[in-house]
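Worksheet: one structure, shown below.
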Amino acid sequence: MEPEESKPQRNAQILEEAADWLVEFSAGDVDAGARQKFDTWLRTSPEHVRAYLELVPIWEEGALPPPHPDAGPDALIALARSADNIVPLARKAGEVSQPASVSAVRLLRRRGAIAACAVLACVAGGILAWLMLARSPLYTTQVGEQRSIALPDGSLIELNARSGIRVRFTSRERAVELLEGQALFRVAKDPARPFIVASDGTEVRAVGTQFDVYRKKTSTTVTVIEGRVTVARAAEAGASLPAAQPSTPSEILVSSGEQVTVTATATPRATRVNLAAATAWTERRLVFDASTLADVVEEFNRYNAHRLVIRDAPLESFPISASFSSPDPASLVRFLQAQPGISVVEMGDETQISVHR
């Protein structure tokens, strides 16, 4: 008989394997070879089938994407019944036998009625959460904060203030979603796994290069510092992570020293750009060349808790060509105070910019 102390270790391992398969199927990139391995894993032991079936409702009830439809309870049970090493669950005397799918599903839905199932739910939930975090870690920065992130493949990400990214690496690709803000990517070369950045309906694809991606309210700007990247609109804006292949054929090639801005309507075109100005934020400097006051204010508000507010709409298009220190909004205030027709007033925790009357 198996020693009691060895059972928890074995069960934890089976749960982790079942959770791993759930994550694989939810990612949607399981090929025929992996499906065969999954079939073999299921047939190895009835405990494998039991563990997977018990995790499915936990997955479905949580804020996680559902597993692949082919891996639902009915499909798993049908697959399990075809194996010789599956034995029926014990029943009480006189209990009417039910179809495997009905009895299994009802058993799972009653798991909260007993303490053992409650413990299982906690353990499985923790495993799933750990796996999702390990596979798709989230990195964010606050107002004025910048940070460097070293990825497992040797790539480096410089994350600007008030920015966020989610990373997912698989055997086929290295995927990053820019949730908000700006990031500079120094990508380690790996021809077998392209490096893909998604930003609000825009996909940037590289193998080994350096480029900057800036997600704004209505557009995404891509600046290439070294090498080349392809930029394309994704088939569905806001997709959580980029697809394994370019979503549309309308992609353009952007080379070192070029920049492209992608919007929902305009046709993207690559133009030459001042790289020193485009990457000045990494040195906490902001360089503007005929930028609108609205854009300048938006930039400063990413670095400072004391907000700048434009009170009069006509001032939003006021052109500015200058260089400032990003942590020093007072430098911009002094610049604006020197401009004719502009009034700058301190009001509590914000600085109001309006037309001088």
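Side-chain atoms are counted along with the backbone in the values below, which use heavy atoms only and exclude waters and symmetry mates.
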Problem set entry | Full working for salt bridge (Lys or Arg N to Asp or Glu O under 4.0 Å) between Glu173 and Arg168 | CA-CA 8 Å; Glu173 67 180 20; Arg168 188 192 71 191; 3.1 Å; yes

For this session: Please test Ile165 against Leu159 for side-chain contact (heavy atoms from CB on, under 4.5 Å), starting from the C-alpha separation and ending with a verdict.
Result: CA-CA 8 Å; Ile165 58 171; Leu159 199 59; 3.8 Å; yes

For this session: Quick one: do Glu158 and Arg186 satisfy salt bridge (Lys or Arg N to Asp or Glu O under 4.0 Å)? Show the steps, please.
Result: CA-CA 8 Å; Glu158 300 288 344; Arg186 295 184 173 92; 3.5 Å; yes

Problem set entry | Residue pair His306, Thr351: steps toward the side-chain contact (heavy atoms from CB on, under 4.5 Å) verdict | CA-CA 7 Å; His306 187 88; Thr351 298; 2.8 Å; yes

For this session: Please test Thr223 against Val273 for side-chain contact (heavy atoms from CB on, under 4.5 Å), starting from the C-alpha separation and ending with a verdict.
Result: CA-CA 8 Å; Thr223 306; Val273 69; 3.9 Å; yes

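Around atom CG of Asn274, more than 12 heavy atoms belonging to other residues, nucleotides or ligands sit under 6.0 Å away.
Across all non-hydrogen atoms, the minimal contact from Ala266 to Thr263 is N-OG1, 3.0 Å. The minimum heavy-atom distance between Arg302 and Ala161, with the atom names listed, is NH2-O, 3.1 Å. Among all heavy-atom pairs drawn from Phe300 and Ser325, the shortest one is CE2-O, 3.7 Å. Contact between Val260 and Pro268 at its shortest, heavy atoms only, is CG2-CB, 3.6 Å. When all heavy atoms of Ser148 and Leu156 are compared, the pair lying nearest together is CB-CD1, 4.3 Å. Heavy-atom minimum distance, Gly154 versus Ala188: C-CB, 3.9 Å.
The aromatic rings of Phe288 and Phe324 lie tilted to each other, with the angle between the two planes from 30° to 60°.
Panel note: side chain Glu203, backbone Glu251; no donor-acceptor pair is recorded below 3.5 Å. The main-chain N or O of Ile225 is found under 3.5 Å from a side-chain atom of Ser256 such that the two form a donor-acceptor pair. Put simply, the side chain of Ser199 never gets that close to the backbone of Thr202: no donor and acceptor are under 3.5 Å apart. Looking at Arg193, its side chain never comes within 3.5 Å of a backbone N or O of Phe169 through a donor-acceptor pair. Under a 3.5 Å cut-off, the side chain of Ser321 and the backbone N or O of Ala290 do form a donor-acceptor pair. Remark: the backbone N or O of Ser326 is paired with a side-chain donor or acceptor of Asn304 at under 3.5 angstrom.
Atom CG of Asp312 and atom OG of Ser354 lie 5.5 Å apart (nearest 0.5 Å). Note: Arg233 CZ to Asp200 CG = 11.5 Å, rounded to the nearest 0.5 Å. Between Arg215 atom CZ and Thr218 atom OG1 the span is 11.5 Å, to the nearest 0.5 Å. Of the inter-residue distances, the one linking Arg147 atom CZ with Ile157 atom CD1 reads 10.0 Å to the nearest 0.5 angstrom. Atoms CD and CH2, on Glu299 and Trp281 in that order, are 10.5 Å from each other to the nearest 0.5 Å. Here the OG1-CD1 distance, from Thr230 to Ile252, works out to 9.5 Å after rounding to the nearest 0.5 Å.
Follow the hydrophobic side-chain contacts under 4.5 Å out from Phe185 and you reach Val262 in the same cluster. The cluster map of Ile, Leu, Val, Met, Phe, Trp and Tyr, joined by side-chain heavy atoms under 4.5 Å apart, puts Val213 and Val287 in different clusters. A chain of hydrophobic side-chain contacts below 4.5 Å, direct or via other Ile, Leu, Val, Met, Phe, Trp or Tyr residues, connects Leu336 to Leu315. Hydrophobic clustering places Val355 together with Ile342 (ILVMFWY residues linked when any side-chain heavy atoms are closer than 4.5 Å, directly or through intermediates). Hydrophobic clustering (side-chain heavy atoms under 4.5 Å, transitive across Ile, Leu, Val, Met, Phe, Trp, Tyr) groups Ile149 together with Val167.
Note on Arg228 versus Glu258: no salt bridge recorded, every NZ/NE/NH1/NH2 to OD/OE distance being 4.0 Å or above.
Put simply, the side chain of Arg334 reaches to within 4.5 Å of the side chain of Asp328, judged on heavy atoms. Residues Val296 and Phe335 are not in side-chain contact: their nearest non-hydrogen atoms beyond the backbone lie 4.5 Å or more apart. The shortest distance between side-chain heavy atoms of Thr140 and Leu179 does not fall below 4.5 Å. Residues Tyr214 and Leu178 form no side-chain contact, since every pair of their non-hydrogen atoms from C-beta on lies 4.5 Å or further apart. Looking only at side-chain heavy atoms (C-beta outward), Val187 and Phe211 come within less than 4.5 Å of each other. Side-chain contact between Ile353 and Leu293 is present, with at least one heavy-atom pair separated by less than 4.5 Å.
Checking Asn160, Thr221, Thr282 one by one against Gln182, the side chain to side chain donor-acceptor pair (under 3.5 Å) holds for a single residue, Asn160.
Checking Glu180 against Ser163 by side-chain atom types alone, no donor-acceptor pair falls below 3.5 Å.
For Phe318, the ring-ring contact (aromatic ring centres under 6.0 Å, His included) test picks out no residue, with sequence neighbours left out.
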